[in-house]
Amino acid sequence: MPELPEVEVVRRGLERWVSGRVVDEVRVLHPRAVRRHLAGGEDFGARLRGHRIGLAQRRGKYLWLPLADSAQSVLAHLGMSGQLLVQPHDAPDEKHLRIRVRFADEQGTELRFVDQRTFGGLSLHDNTPDGLPDVIAHIARDPLDTAFDDDAFHLALRRRRTTIKRALLDQSLISGVGNIYADEALWRARLHYERPTAGFTRPRTAELLGHVRDVMNAALAVGGTSFDSLYVNVNGESGYFERSLDAYGREEMPCRRCGTAIRRRPWMNRSSYFCPRCQRPPRVAS
């Protein structure tokens, strides 16, 4: 799944190439791509036609295009393999092209939603008073949001009485952090993924948040992380942060800090990568 840096790269591309343009035509080429719009593809296209796209927005891993002259937004669910591409009108159709959006101008480019696995899609939603699509109103702010409240996060973290990686992936507590960047931030903070949150001090929480932000900003600087061809930004370019990962995907490779072999453990239908020396597991009460 794309994480915050990948989605932010896409958002920036949409802001540059799509925001401010007026929708002229929408063609839904696969019904699953608009399955969250219960009225179907024709209705989805009709409701967008003639509207101007506002500034692309993001909260955590959720991305949306507000309709500037309406109280609604188009929410993009990228799923496992969804891509938003800006292509010339005459560019060959991608094999898994699902939705095409053309605009009422002379720029000669269109927005395409491409999705190999069809887990993603686009949907239209009413906005909350804060400007969020109503279906994601429960999603917490992300650590790169200037309005993110570090103190409130610390207090909520201690109240949850869970373990730290579970907390980092809880989108109602902090959004945008997925499996890859959680492992990277925990490695930098020298924290085991099963460390209980109840014992976190304010300095420890502040240090961890600093590492989360550093990891995300480093990924943003190079366009996010890409492990296959299924994640690309709006111009079809893959991210390259995978080359700088310290923990994730490095099983049996030496820890860059101490030289101990990185280990991988099954965790909630995923994997956790960690250094057994730098990130010692919590003591079990006897």
Side-chain angles (χ1 to χ4, degrees), residues 1-4 6-87 89 97-105 107 109-115 118-142 144-148 171-172 175-176 233-234:
M1 292 286 287
E3 299 187 27
L4 184 155
E6 288 79 26
V7 177
E8 173 61 15
V9 169
V10 174
R11 189 204 66 78
R12 292 176 182 181
L14 291 171
E15 182 177 284
R16 178 179 179 184
W17 299 106
V18 174
S19 292
R21 302 176 73 179
V22 175
V23 177
D24 180 52
E25 179 186 13
V26 179
R27 292 192 62 194
V28 176
L29 305 174
H30 196 296
R32 280 184 57 80
V34 292
R35 64 187 177 280
R36 296 176 180 87
H37 187 81
L38 300 182
E42 287 192 15
D43 182 80
F44 176 77
R47 290 177 181 271
L48 294 189
R49 196 171 300 118
H51 286 289
R52 185 178 301 278
I53 303 297
L55 289 178
Q57 302 290 323
R58 177 193 57 75
R59 174 167 288 191
K61 297 183 281 187
Y62 293 85
L63 174 71
W64 68 95
L65 293 169
L67 303 182
D69 49 1
S70 142
Q72 293 185 310
S73 293
V74 178
L75 182 65
H77 307 257
L78 297 181
M80 294 291 290
S81 58
Q83 303 169 6
L84 287 165
L85 305 177
V86 173
Q87 299 281 38
H89 289 167
L97 177 61
R98 307 305 186 194
I99 301 174
R100 184 198 317 277
V101 181
R102 287 198 169 182
F103 302 98
D105 53 43
Q107 294 189 35
T109 58
E110 61 190 29
L111 179 65
R112 300 179 180 182
F113 180 73
V114 178
D115 191 1
T118 64
F119 292 157
L122 304 182
S123 52
L124 186 65
H125 301 277
D126 294 332
N127 294 337
T128 68
D130 293 332
L132 279 74
D134 54 12
V135 295
I136 63 167
H138 64 289
I139 300 298
R141 294 186 182 275
D142 65 67
L144 298 187
D145 190 326
T146 56
F148 186 88
Q171 300 293 296
S172 67
S175 67
N233 68 23
V234 288

(request) Could you check if a side-chain atom of Leu122 sits within less than 4.5 angstrom of a side-chain atom of Phe44, using non-hydrogen atoms only? (result) yes

(request) Would you check if Phe119 and His77 make a side-chain contact, meaning some heavy-atom pair closer than 4.5 Å? (result) no

(message) Between Phe103 and Ile53, is there a side-chain heavy-atom distance shorter than 4.5 Å?
(response) yes

(request) Using a 4.5 Å cut-off on heavy atoms from C-beta on, say whether the side chain of Leu14 contacts that of Leu111. (result) yes

(request) Output yes when Arg11 and Glu8 qualify as a salt bridge under the 4.0 Å nitrogen-oxygen rule, no when they do not. (result) yes

(message) For a 4.5 angstrom cut-off between non-hydrogen side-chain atoms, does Glu110 reach Glu25?
(response) no

(message) Working to the nearest 0.5 angstrom, can you tell me the gap between Arg58 CZ and Leu144 CG?
(response) 6.5 Å

(request) Could you tell me whether the side chain of Arg112 and the main chain of Gln87 form a donor-acceptor pair under 3.5 Å? (result) no

(request) Check the pair Asp69 / Arg52 against salt bridge (charged side-chain N to carboxylate O under 4.0 Å, His left out), numbers first and verdict last. (result) CA-CA 7 Å; Asp69 49 1; Arg52 185 178 301 278; over 6 Å; no

(request) For the residue pair Leu84 and Val18, establish whether any side-chain heavy-atom pair is separated by less than 4.5 Å. (result) no

(message) For Arg27, I'd like to know if atom CZ has over 12 heavy atoms of other residues, nucleotides or ligands within 6.0 Å.
(response) no

(request) Would you check if His51 and Gln72 make a side-chain contact, meaning some heavy-atom pair closer than 4.5 Å? (result) no

(request) State the OG-CD1 distance between Ser73 and Ile136, to the nearest 0.5 angstrom. (result) 8.5 Å

(message) What I want to check is whether the side chains of Ser81 and Asp115 have a donor and an acceptor closer together than 3.5 Å.
(response) yes

(message) Just so I know, are the side chains of Val101 and Phe113 near enough to count as touching, which here means a heavy-atom distance under 4.5 Å?
(response) no

